[in-house]
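Working notes, structure below.
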Amino acid sequence: MQLILASASPRRRELIARLGLEPSGIAPADIDETPQKGELPRDYAQRMAREKALAVNAEGHVLAGDTVVAAGRRILPKAEDEATARQCLDILSGRRHRVLSAIALKAPDGTVRERLSDTIVRFKRLSTEEIASYLASGEWEGKAGGYAIQGAAEGLIQRIDGSHSGVVGLPLYETRALLKAAGFKIG
Ligand SMILES: Cc1cn([C@H]2C[C@H](O)[C@@H](COP(=O)(O)OP(=O)(O)OP(=O)(O)O)O2)c(=O)[nH]c1=O
């Protein structure tokens with residue numbers, strides 16, 4: 001069985017490798033990632049994963065994922081510049097937020113199976129110095145919510161309830177279940 005990963009994210013490639021799977025192809029999906037007006041974070045994450053999977057035309061199964069950081073009903077942006085990362089950290093400081101990580105698998109017949117991972121993350125209250133030093137690390141670049149749990153940010157996280165791999169970008173429990181249900185051989 002052929003697995004195509006519809007993702008440009010190197011993290012997703014590393015995570016799928018931990019299940020002992022190597023995609024036979026990488027085909028990043030180029031879709032419009034603008035949230036709809038009033039769209040809830042979990043609906044948005046699921047829609048994005050589904051649209052990414054559907055956007056890739058390839059033989060075999062196409063796996064896509066989308067990771068969204070949500071403060072209440074608010075979807076935090078992917079931090080592409082320092083000002084955005086700072087705004088995110090100000091919002092996340094000293095409180096709990098959710099990370100919704102959706103995956104979608106398109107079978108060769110076009111049917112799509114989906115799963116969602118929902119994780120609660122709590123940051124300590126961040127001092128001005130902590131925010132400044134985290135921003136200087138550059139690790140926030142391109143990350144939803146302006147942080148990467150797989151780096152220095154984990155030292156600022158008091159508690160996580162859910163899936164660590166989900167926060168990084170591909171929830172391994174849900175991914176394994178989805179791929180097994182589709183017929184992939186996974187140990
Ligand atoms: C919260 C958090 C996000 N992220 C990353 C995961 C995702 O790559 C990114 C969220 O953006 P996504 O749109 O989910 O993914 P992407 O644009 O990187 O890749 P593609 O659409 O091609 O699959 O933020 C981390 O790496 N660590 C974290 O702790």
Side-chain angles (χ1 to χ4, degrees), residues 3-18 23 25-36 39 41-56 58 61-71 74-81 84-89 91-93 95-106 114-124 126 134-135 137-172 174-175 178:
L3 182 65
I4 315 296
L5 191 57
S7 175
S9 157
R11 273 104 35 191
R12 296 211 165 100
R13 227 168 303 163
E14 285 163 21
L15 285 163
I16 195 88
R18 283 174 52 194
I26 306 282
D30 189 18
I31 59 159
D32 179 3
E33 299 200 26
T34 319
Q36 283 162 3
E39 190 171 25
R42 67 178 55 228
D43 296 338
Y44 172 66
Q46 277 172 319
R47 183 170 67 82
M48 287 298 101
R50 191 166 54 240
E51 287 187 7
K52 286 180 193 177
L54 288 169
V56 172
H61 287 73
V62 178
L63 178 68
D66 196 78
T67 302
V68 170
V69 173
R74 183 161 170 200
I75 297 167
L76 297 194
K78 222 182 269 184
E80 305 295 358
D81 57 59
T84 308
R86 183 187 291 279
Q87 283 163 8
C88 289
L89 294 172
I91 292 168
L92 300 176
S93 171
R95 53 175 290 195
R96 300 187 326 159
H97 66 274
R98 295 190 113 86
V99 180
L100 290 324
S101 213
I103 51 169
L105 183 71
K106 182 173 63 127
E114 300 173 36
R115 291 273 199 288
L116 182 76
S117 146
D118 183 346
T119 298
I120 294 172
V121 178
R122 190 195 153 88
F123 268 89
K124 75 188 284 293
L126 303 172
Y134 189 69
L135 290 174
S137 78
E139 288 184 12
W140 45 268
E141 219 173 323
K143 308 296 190 310
Y147 72 93
I149 199 171
Q150 64 271 37
E154 195 159 5
L156 306 171
I157 288 171
Q158 276 177 330
R159 195 177 166 82
I160 146 169
D161 188 358
S163 165
H164 188 275
S165 53
V167 179
V168 179
L170 193 75
L172 287 182
E174 289 77 6
T175 302
L178 200 60

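Numbering of ligands and ligand atoms starts at 1, following listing order.
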**Report entry** Enclosure of Asp81 CG (heavy-atom neighbours >12, cutoff 6.0 Å)
**Finding:** yes
Query raised in the report: Which protein heavy atom lies closest to atom 29 (O) of ligand 1, and at what distance to 0.1 Å?
Result: Ile149 N, 2.6 Å
Query raised in the report: Ala144 to ligand 1: N or O pair under 3.5 Å?
Result: yes
Query raised in the report: Hey, does Val69 come in under 3.5 Å of ligand 1, counting only N/O atoms on both sides?
Result: no
Report task. For Ala148, take its heavy atoms, then give the atoms of ligand 1 lying under 4.0 Å from any of them. Result -> 27 (N), 28 (C), 29 (O)
Query raised in the report: Which part of Ser7 is near ligand 1, with near meaning a heavy atom under 4.0 Å away: side chain, backbone, both or neither?
Result: both
Requested in this report: Please work out whether any backbone atom (N, CA, C, O) or any side-chain heavy atom from C-beta onward of Arg12 is under 4.0 Å from ligand 1, and answer side chain, backbone, both or neither.
Outcome: side chain
Query raised in the report: Closest heavy-atom contact between Leu135 and Ala85?
Result: CD2-CB, 3.6 Å
Query raised in the report: How close does the nearest protein non-hydrogen atom get to atom 27 (N) of ligand 1, and which residue and atom is it?
Result: Gln150 OE1, 2.9 Å
Query raised in the report: Is it true that the side chains of Thr67 and Arg12 contain a donor and an acceptor less than 3.5 Å apart?
Result: yes
**Report entry** Heavy-atom gap Glu33 to ligand 1 smaller than 4.0 Å
**Finding:** yes
Query raised in the report: Where does Val68 meet ligand 1, judged by heavy-atom distances below 4.0 Å: at the side chain, the backbone, both, or neither?
Result: neither
Query raised in the report: Which heavy atom of Asp32 sits nearest a heavy atom of Met48, and at what distance?
Result: O-CE, 3.8 Å
Query raised in the report: Sub-3.5 Å donor-acceptor pair from the side chain of Thr175 to the main-chain atoms of Pro171, do we have one?
Result: yes
Report task. Only heavy atoms count here, so choose which of Glu139, Lys78, His97, Met48 is nearest to atom 17 (O) of ligand 1. Result -> Lys78
Report task. Check for a donor-acceptor pair, side chain of Ser165 on one end and backbone N or O of Leu172 on the other, with a separation under 3.5 Å. Result -> yes
Requested in this report: Measure from the side-chain N and O atoms of Lys52 to the backbone N and O of Ile31, and report whether any donor-acceptor pair falls under 3.5 Å.
Outcome: no
Report task. Could you list which atoms of ligand 1 come closer than 4.0 Å to a heavy atom of Ala8? Result -> 20 (P), 22 (O), 23 (O)
Query raised in the report: Tell me, which protein residue and heavy-atom name are nearest atom 6 (C) of ligand 1, and how many Å apart are they?
Result: Val168 O, 3.1 Å
Query raised in the report: Looking at ligand 1, does Val99 have a heavy atom less than 4.0 Å from it?
Result: no
**Report entry** Plane angle bin for His97 and Tyr147 - parallel if under 30°, tilted between 30 and 60°, otherwise perpendicular
**Finding:** perpendicular
Query raised in the report: Counting only N and O atoms by type, is there a donor-acceptor contact under 3.5 Å from the side chain of Glu139 to the main-chain atoms of Ala152?
Result: yes
Report task. Specify the protein heavy atom at minimum distance from atom 21 (O) of ligand 1: its residue, its atom name, and the distance to 0.1 Å. Result -> Lys52 NZ, 2.6 Å
Query raised in the report: Between the candidates Arg11, Glu154, Glu141, which shows the shortest non-hydrogen contact distance to atom 8 (O) of ligand 1?
Result: Arg11
Report task. Give a yes or no on whether the backbone of Gly162 and the side-chain of Thr119 come within a donor-acceptor separation of less than 3.5 Å. Result -> no
Query raised in the report: Which option, Leu100, Ile160, Val167, Asp66, owns the non-hydrogen atom nearest atom 2 (C) of ligand 1?
Result: Val167
Query raised in the report: Side chain or backbone of Lys143 under 4.0 Å from ligand 1, or both, or neither, by non-hydrogen atoms?
Result: both
Query raised in the report: More than 12 foreign heavy atoms under 6.0 Å from CZ of Arg98: is that the case here?
Result: no
